[in-house]
Structure formats: structure tokens, C-alpha cells
Student: 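After the C-alpha cells below, expect a handful of questions from me.
Keep in mind the model is a prediction, meaning the values are calculated, not measured.
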Amino acid sequence: MTNSADRQKSKTGSVNKYTWIPVALVLIPALATLGNLSWTTSILLGAPLAMISLFIPIDAAYICRFAPLGKAQMWRIILTHLAAAQVLSLLWMLVAGPFSRALAYIPQLHGIDKQFAPDRWIVYLTGCLFYVFSVAYHYVAMAQDAARAVEMQVMQTSVLARDAELRALRAQINPHFLFNSLNSISALTSIDGARAREMCLLLADFLRLTLGMGEKTVIPFSEELDLLEKFMAIEKVRFGARLCMEEKIDDQAKRCIIPALLLQPLLENAVSHGIASMEDGGMIRLEASVRDGRLAILVENDRDEEAPERKRNGVGLKNVRSRLEARYGKEATFRADADEDKFRVTMSLPAEFASEESTATESASAPAVRAETAKAEIAAAKSGEPK
């Protein structure tokens, strides 16, 4: 906003170098028809005077800026412009006198000053009209600039509101997941202390990984897969062989960037409301591909239609839907369907790509380091040694 204001101030007082042409087109015919000058004399006198008149719109611009409409009483604005029009027109007329006398020294134009003397009122009247049109032009330009500034402020406010909404939605994810994980750990402590301890370490590694994202709003799909791997490792401690996952991710899809932690709530929903209700467990399928500039994602899980209905609060699906709407608007689609033995979520969003270099670096280094750290911590916990 400051930069636009500075640019507007720099524009104020500047006029197009061809502004004198319409003034000349008015002044020259007026001198030739209303005065006593010939057309040739009117052109030789009127064209230079029109060039000199450029100080009128320059002064009008500054006066408009210091007497803006709506910020002062109308009668004060009118009196200010009336006085300015008189002064500037009189100055232009006074300049015309010495200029005509200077032209009279040219032998071919001898006596032009005496011929022009009774017609100087034409210059004065033209100056007043020129000032009025200059004032109208600058007020219209100021109104347009003010409208653009308001539009820009509205856009900035909209962007800030959207970012705040995205942060709020993302802030729901970790507490919701943490609540469910702590419930699982609490249940395991009375059954298998070692598995509960292992799950605590995996949970700590997952949370450390999410905190490492900082304020990132989007991450590469490959990094999201690393997060899902950590999440599934936590859930496998709880469900063991009952939980299986199948991935089918195109290489092009791995390069896409998506909102951080977009898929984790969907997998958590698939585990909690699908696999957990099946005595023999089931399969979760994750597919992603890029077609025609769009990223298509499928999350599907087995389910038992006859299993007792678990209590749902709808946070996971609602969160993902809201984040897609906040970031992509109508360009993204989200659909959840259930049949007898499957529950599937399908999404389609614009394919945005991260740079190959940054994606390759993250994929090669960060996951390996985190995997080694997690293995060391789990091994230490099982052996009972301090970290």
C-alpha cells in the first residue's frame, strides 16, 4: 500500500507531453475566428502558447491532491479551483503579451503584438476552460486510483483470511491425531508395555517430523508419503498384521505439491472407522496420478458394513474438504462414497509441481536420517537402554 501511494505521488504533477495539442486545436481556431489574426499568425502564436500552457494541468494536479473530494467542504473546493483558474489563466495571458512582442521583432510578423493585444481575453478564457478539464481529469484519475487501492486491500484481506483459515484447519490435525494415538497407547499399556513404549517413540518421531515443517503450507507429495509411512508405522504397532497398505503413486504425482498433512486424516479415518472394526483386518489403498494437468488421489479402505457403528465426529473428512475449498476453491473436487465392503475418498485438484532438485534432495536425505533415528530409538526402548 505504501509503494502504491508513493507511485501515485510521483504521478501527480506529471502530464503527457502531447497535452498541449488539444489546447492548440482550441486556441488557434479561436484566435483566427474570434480575433483579428490570420490563420497563419494564429498558428505561429497559438502553438507556442499552447506548449507554455502545460504548467496549468501540472498545477491543477497538485491542487486536486491537496483539495480532494469528500475530505473538504464543497464550497471550499469550488472557491479554491475558481481562484486557481483565475490566477493560472491570468499568468498565461500575461506571458502571452511579452511573447507576442518578441515575435514582432521578426520582420514577417511585425505588428503582431498590436493585432493580438485586444484578443488576449481569448487566451484567458481558453486557460480557464483548460483548467476545468484538467481538474475533472485528475479527480477522475484519483477516484480510479482510490478504487484500485480499495480493491487491492480487499484482495490482501481475502488472502490473509484464507491463510488464517488454512492455518486454523491445519492446527486441528495434530491434536485430533494425538488424541486418538494417546487413547491407543493407553489401551496398550495394560496389555503390552513394550508395544506401548514403541508406539510412544514412533509418535514422538511423527510429531517431530510435522513440527519440522515449520510454517510450510504446501509440501511435495513425496514428503507427504514419508509422513504417511510414519503414521502407518504407529498404527501397525497397534493392529499388527491386520493392517495392510497398498500404494500406487505415479512418479509425476510424487513431484506435485499438496497442502501439508492433507492425506494423514484420511488414512486415520480409514484405520479408525474401517480396519479397526474388522476382526481379520483389511487393506488400505492409496493411488495418485496426474492426468491433463490435474492430480487425482484415491484413498480406499475395506470395511464391514455389519460392524457396530463407531462414534464419529467428522473432523477428518470435514478438515480435508475445507482445506481444499480454502486453497483451490471450485478448482478442487472431493467425494466420499461407501458401499458394502469399501469406503473410498476421491480428490481432484490442480497439479502444481515442485522443482525436481529440491524434491530429489528431500527424498534422498531427510527420510533416511529420520528412519535411522526412529530405528535407533525403538531398539533402545526394546533393550531398556536409555537414549
Side-chain angles (χ1 to χ4, degrees), residues 3-72 74 76-104 106 109 112-113 115-149 151:
N3 292 336
S4 63
D6 292 340
R7 285 194 297 269
Q8 175 57 29
K9 289 182 179 179
S10 65
K11 290 179 182 178
T12 303
S14 64
V15 296
N16 192 294
K17 61 182 179 181
Y18 299 111
T19 305
W20 64 273
I21 294 178
V23 179
L25 294 177
V26 174
L27 181 60
I28 292 172
L31 291 173
T33 56
L34 300 177
N36 300 317
L37 302 178
S38 65
W39 277 96
T40 303
T41 305
S42 298
I43 292 172
L44 293 175
L45 181 63
L49 285 177
M51 294 181 184
I52 297 173
S53 71
L54 288 177
F55 73 90
I56 293 178
I58 294 177
D59 291 337
Y62 281 105
I63 295 171
C64 288
R65 182 159 65 90
F66 288 109
L69 295 176
K71 294 187 178 180
M74 184 56 66
R76 290 180 180 272
I77 295 176
I78 294 174
L79 287 180
T80 298
H81 289 302
L82 284 175
Q86 304 300 315
V87 172
L88 294 174
S89 299
L90 284 172
L91 286 175
W92 191 31
M93 186 181 69
L94 292 175
V95 170
F99 181 73
S100 64
R101 288 194 292 272
L103 291 178
I106 301 175
L109 298 177
I112 189 176
D113 54 333
Q115 296 177 14
F116 173 65
D119 299 330
R120 288 191 295 172
W121 64 272
I122 297 176
V123 176
Y124 169 80
L125 182 60
T126 304
C128 290
L129 293 175
F130 188 29
Y131 180 83
V132 170
F133 282 112
S134 298
V135 168
Y137 168 79
H138 287 296
Y139 274 138
V140 170
M142 290 170 63
Q144 290 177 341
D145 290 335
R148 280 193 293 268
E151 184 179 355

Student: Atom CG of L94 and atom CG of L91: how far apart are they, to the nearest 0.5 Å?
Tutor: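 Answer rounded to 0.5 Å: 6.5 Å.
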
Student: Under 3.5 Å, side chain of W92 to main-chain N/O of L49, donor-acceptor pair present?
Tutor: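 Pair found, side chain donor or acceptor close to backbone of L49.
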
Student: State whether the side chain of S100 and the backbone N or O of G97 hold a donor-acceptor pair below 3.5 Å, judged by distance alone.
Tutor: yes

Student: About how many Å separate CD1 of I77 and CE of M74, when rounded to the nearest 0.5 Å?
Tutor: 5.0 Å

Student: Can you label the angle between the H81 ring and the Y131 ring as parallel, tilted or perpendicular, going by 30° and 60°?
Tutor: tilted

Student: Kindly give the heavy-atom pair with the smallest separation between P48 and F99, and that separation in Å.
Tutor: CB-CZ, 3.2 Å

Student: Is the closest side-chain heavy-atom distance between I56 and F133 below 4.5 Å?
Tutor: no

Student: At their closest point, which heavy atom of S134 faces which heavy atom of A60, and how far apart are they?
Tutor: CB-CB, 3.9 Å

Student: In Å and rounded to the nearest 0.5 Å, what is the CG to CG distance from L45 to D119?
Tutor: 9.5 Å

Student: For the atom pair CZ (F116) and OG (S42), what is the distance rounded to the nearest 0.5 Å?
Tutor: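 Atom-to-atom, F116:CZ and S42:OG are 9.5 Å apart.
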
Student: Supply the atom-to-atom distance T19 OG1 to F130 CZ, rounded to the nearest 0.5 angstrom.
Tutor: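 T19 atom OG1 to F130 atom CZ measures 6.0 Å (nearest 0.5 Å).
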
Student: Nearest 0.5 angstrom please: L27 CG to L125 CG, how far?
Tutor: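 Between atom CG of L27 and atom CG of L125 there are 10.5 Å.
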
Student: Is Y137 atom OH crowded by more than 12 heavy atoms from other residues, nucleotides or ligands, each under 6.0 Å away?
Tutor: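 No, the 6.0 Å shell around OH holds no more than 12 heavy atoms from other groups.
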
Student: Can you tell me if OH on Y124 sees more than 12 non-hydrogen neighbours from other groups inside 6.0 Å?
Tutor: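 Correct, the count exceeds 12.
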
Student: How far apart are the closest heavy atoms of G46 and I28, and which atoms are they?
Tutor: CA-CG1, 4.0 Å

Student: If we ignore hydrogens and angles and just use 3.5 Å, is the side chain of H138 paired with the main-chain N or O of R65 as donor and acceptor?
Tutor: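 Between the backbone of R65 and the side chain of H138 there is no qualifying donor-acceptor contact (under 3.5 Å).
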
Student: Identify the two heavy atoms, one from W20 and one from A47, that lie closest to each other, and give their separation to 0.1 Å.
Tutor: CE3-O, 4.2 Å

Student: Give the minimum heavy-atom separation between M142 and C64, together with the two atoms involved.
Tutor: CE-O, 3.5 Å

